[in-house]
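Notes follow once the structure below has been shown.
Quick caveat, the model's predicted, so the values are computed rather than measured. Quick note on labels: first sequence line is chain A, next is B, and so on, each numbered from 1.
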Amino acid sequence: MSINKSNKSKLIYTFLAWTISSLIFFPILWTLITSFKTEAEAISSSPSLFMFDWTLENYEEVLARSPYFNHFWNSIVISLGSSILGLLIAIPAAWSMAFVQTKRTKNLLMWMLSTKMLPPVGVLIPIYLLFRNFGLLDTKLGLVIVMTLINLPIMVWMLYTYFREIPSEVLEASRMDGASIGEEILYVLLPIALPGIASTLLLNVILAWNEAFWTLILTAADAAPLTAFIASYSSPEGLFYAKLSAASAMAIVPILILGWFSQKQLVRGLSFGAVK
Amino acid sequence: MGSINLKQVTKNFGDVSVIKPIDLEIKDGEFIVFVGPSGCGKSTLLRMIAGLEDTTSGNIEIDGEDATATPPAKRGLAMVFQSYALYPHMTVRNNIAFPLKRAKVSKEEIESKIANVAKILNLSDYLERKPGQLSGGQRQRVAIGRAIVRQPSAFLFDEPLSNLDASLRVNMRLEISELHKTLATTMIYVTHDQVEAMTMADRIAVFNAGIIEQVGSPLELYNTPANKFVAGFIGSPKMNFMDVDPITDDPTCCLGIRPEHIEISTEAGMWAGKVGVIEHLGSETFLHVHVEGSGTFTVKAGGDCPFVYGDKIFLSAMDNKMLHFDAAGITLPQQHASVVSI
Amino acid sequence: MATTNSRTLARLMLFPSVVLLLAWMLVPLCMTLYFSFLDYNLLTPGNNEFIGFLNYEFFLTDPAFITSFFNTLLLVGGVLLITLGGGIGLAILLDQAIWGRNYVRIMVLAPFFVMPTVSALVWKNMLMNPVNGLFAHFADWIGVTPIDFFAQIPLLSIIIIVSWQWLPFAALILLTSIQSLDREQLEAADLDGAGPFSKFYYIVLPHLGRAITAVILIETIFLLSIFAEILVTTSGGPGYESTNITYLIYTQSLLQFDVGGGSAGGIVAVIIANIVAIFLMRLIGKNLED
Ligand SMILES: Nc1ncnc2c1ncn2[C@@H]1O[C@H](COP(=O)(O)OP(=O)(O)OP(=O)(O)O)[C@@H](O)[C@H]1O
Ligand SMILES: [Mg+2]
């Protein structure tokens, strides 16, 4: 009797959850499906979910029309480069804050986070002009620098919350065992914090991959990552749904897969340790 | 070699003075135990000796050389933490090898030393496991193994057994004592446990609020405590204190008598009291006796104690066992005490 | 764990981060501040005269500023409301015993990984287009007039798109937080005869406090400077109906090449963000720090 009842409620909840999550996922699914349709089918007023002639011609056309792999490579260099560079700068800082706490540590963290709140437009013009003067406009290096800086506070904060969970006695033990600070970080801290470091890296790759203010403003062609590649479809090509879908799919699928694989670590990282 | 000499050592955390000037000479090969109430600064002093905390003023000398500013890695000391602080990502073998690798010891030598330590500590079967797969006692052994493998000039222990259950504690206590006998290396050992302190120590240092109240052998502290604090702290159950002289009925300053130094009688004695809670431990019995005007006394009696709750009994102090303290809590000479107890 | 040695080292290791962020913040900010007092237009290269607060006067008295100011608030507030409300609901639903929870999680999380330009384009063209969009087809099918989203309700449309992007984030953080709730508390409440609503209000909601704070903080940081979604969908229009402050400054400075005016706007945006930041920092200072 009670088994029956709980099974019934499980059925209802399952139905509800699947319906809602399908609705949330639908725009992505629809994009993926449309990317295999012909343009005519894509705007048909009685659209079909699966029953149509699947075609790859949109992908071919997108690849022919624009240097997709160029943009893809730019995205990889910018997001990975800035995340790794950021880690190199953030790890020592997070170590200091987590293990050599002073009265100012909390304020420093807050200040770092507050730089994240500085609206990009507040510094847009000087950065634009500086980039122009230093020849950094439309270069990958320029974007790597900017992405590193805008994500640095998040990285420091995330690493800090991970490091804080490591008992400082373990690090002290290594010091007693004759390890220098470098060895302590390399052989003890980093291996223990590896999951946290990995999720910090992942989250920042995703944030940098999707960043769409500086990437749109500071690039033109050479260094333009996928965000800019997609923005070029805003009009009037956007009306070619099938091609738009194919381009979109090519921009989001890599990061979608990465995100799905790492969802567990991401959630913790995303909340800055507010939930465990 | 491992003599450690503290000279006028102090420690402040901000404005709070945690260690008041402390002088302490620890001889090479000595087993010294730090005891004292929670928060009195034992761990802090131990960590200062280790180099994990700065010394605010004063000097720490190791083997006659000033080591006050030497970083922990260079002091040649080993520490065993209460939480064991093993490296969770390394196998037992690598945990023990870590200090040797840092000291650039050759591979073959590391292997032979690990084998040796594993044999001494019964760890040979666990060398390839990670700390997470070990029991508390095994982890403790690994921590000790990691400490002894590099032959430090002194060992620092901060409540190493407090996370273990009672029987394991007894075993490990014996093992550490045994280790001390074989290695003959200086050991500084912080504990809360009376039995550990009394049984393991060559000397005990009793701490209170950042100062050392007294240093001496366990029996010295038990028999001739320097002051009321030490008298109350060493010995279990605690010494009974009262401030009314049982003979003259005069209000005096502080008398003390240990529970095991009180005789019970049904007819007459220094104090008349009523039996309260009785704790039977089998081999012995603790009676909590309410004495009019002097509070509750703890009295130790034999295992076959006949009294029950509410009985009226008389208590007397054994000869020369009562301690007298002056207004500042300093123990007064014994002859004075015997005058009073006539 | 703090000795002079390690403290010196700690300072050294903090140095790069602090200097970089300081440079990243202060240098451009000072330049913006400086430009904001100049008559500086890239199209009319002149002597860039000092004109005092004239740029600010123009920016602040421009009706577009007031509109975009309120649009910014509406955008941030609306998205926070939708994502928090929806997120709590979803989190509670996903916390129930259901079949295939992992697949549900994957589907719910997906929009977070979609880059803003893509989600804006997909929603704009394939879903919200008044002629060929899926919503229009659907409206036709049930026999009502399709809405022209970006003409009739431009700001709300953007709020919907952005909420879709951020709902997964809120839902997943809240779900993780709910899952860490001590079941015994709920059972104790059951024994005390608490109904589902009082259980939610007195036990679940307070437990979610930290997670909600985190969601508000992080979302606000990103939502204050929404840009790509507006650029791709409405370009701020019609009129200024969907222009937020970020977008307004972008149009002024980069599209009209008015460096002085744009800089004044930038400074205003910084001040607004600071006011919001102070509120938020208070909030986390209390809630995120243990
Ligand atoms: N980093 C610190 N900052 C400020 N005060 C501290 C710090 N570390 C310890 N203290 C204070 O110094 C005093 C001594 O602490 P310590 O840990 O040495 O005590 P303890 O004798 O080891 O106590 P226990 O027996 O409980 O371990 C305590 O009052 C503690 O609050
Ligand atoms: Mg302690």
Measure [X] against the heavy atoms of chain C and call it side chain, backbone, both or neither at under 4.5 Å.
{"X": "A:Leu130", "value": "side chain"}
{"X": "A:Leu129", "value": "side chain"}
{"X": "A:Phe26", "value": "side chain"}
{"X": "A:Trp30", "value": "both"}
{"X": "A:Ile181", "value": "side chain"}
{"X": "A:Ile217", "value": "side chain"}
{"X": "A:Thr215", "value": "neither"}
{"X": "A:Leu256", "value": "both"}
{"X": "A:Ile206", "value": "side chain"}
{"X": "A:Leu108", "value": "side chain"}
{"X": "A:Leu16", "value": "both"}
{"X": "A:Ile230", "value": "both"}
{"X": "A:Ile185", "value": "side chain"}

Checking heavy atoms, do the side chain of [X], its backbone, both or neither come under 4.5 Å from chain A?
{"X": "C:Leu29", "answer": "both"}
{"X": "C:Leu93", "answer": "side chain"}
{"X": "C:Leu90", "answer": "side chain"}
{"X": "C:Trp141", "answer": "neither"}

- Task: May I ask you to check whether over 12 heavy atoms, not counting those of A:Phe163, lie within 6.0 Å of atom CZ?
- Result: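 Yes, because the 6.0 Å sphere around CZ of A:Phe163 holds more than 12 heavy atoms from other groups.
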- Message: Does A:Tyr128 have more than 12 heavy atoms from other residues, nucleotides or ligands lying within 6.0 Å of its OH?
- Response: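 Check fails, neighbour count at 12 or below.
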Interatomic distance, [X] atom [atom1] to [Y] atom [atom2] [nearest 0.5 angstrom]:
{"X": "A:Thr102", "Y": "C:Leu14", "atom1": "OG1", "atom2": "CG", "value": "8.5 Å"}
{"X": "A:Leu244", "Y": "C:Lys124", "atom1": "CG", "atom2": "NZ", "value": "9.5 Å"}
{"X": "C:Met107", "Y": "A:Ser22", "atom1": "CE", "atom2": "OG", "value": "4.0 Å"}
{"X": "A:Ser248", "Y": "C:Met126", "atom1": "OG", "atom2": "CE", "value": "7.5 Å"}
{"X": "A:Leu207", "Y": "C:Phe222", "atom1": "CG", "atom2": "CZ", "value": "5.0 Å"}
{"X": "A:Tyr241", "Y": "C:Leu134", "atom1": "OH", "atom2": "CG", "value": "9.5 Å"}

- Passes side-chain contact (heavy atoms from CB on, under 4.5 Å), C:Val118 versus A:Thr227? Steps please. CA-CA 8 Å; C:Val118 168; A:Thr227 43; over 6 Å; no
Is [Y] close to [X] at the side-chain level, that is, under 4.5 Å between some pair of heavy atoms?
{"X": "A:Trp18", "Y": "C:Val104", "value": "yes"}
{"X": "C:Ile98", "Y": "A:Phe15", "value": "no"}
{"X": "A:Asn210", "Y": "C:Pro116", "value": "yes"}
{"X": "C:Val122", "Y": "A:Thr34", "value": "no"}
{"X": "A:Met112", "Y": "C:Ser17", "value": "yes"}
{"X": "A:Ile252", "Y": "C:Phe113", "value": "no"}
{"X": "C:Trp24", "Y": "A:Val146", "value": "yes"}
{"X": "C:Trp164", "Y": "A:Pro27", "value": "yes"}

So, for [X] and [Y], which heavy atoms are closest and what is the spacing to 0.1 Å?
{"X": "C:Pro111", "Y": "A:Ile28", "answer": "N-CD1, 3.8 Å"}
{"X": "A:Ala251", "Y": "C:Met115", "answer": "O-CE, 3.8 Å"}
{"X": "A:Ala212", "Y": "C:Phe227", "answer": "O-CD2, 3.6 Å"}
{"X": "A:Lys10", "Y": "C:Ala97", "answer": "CG-O, 3.1 Å"}

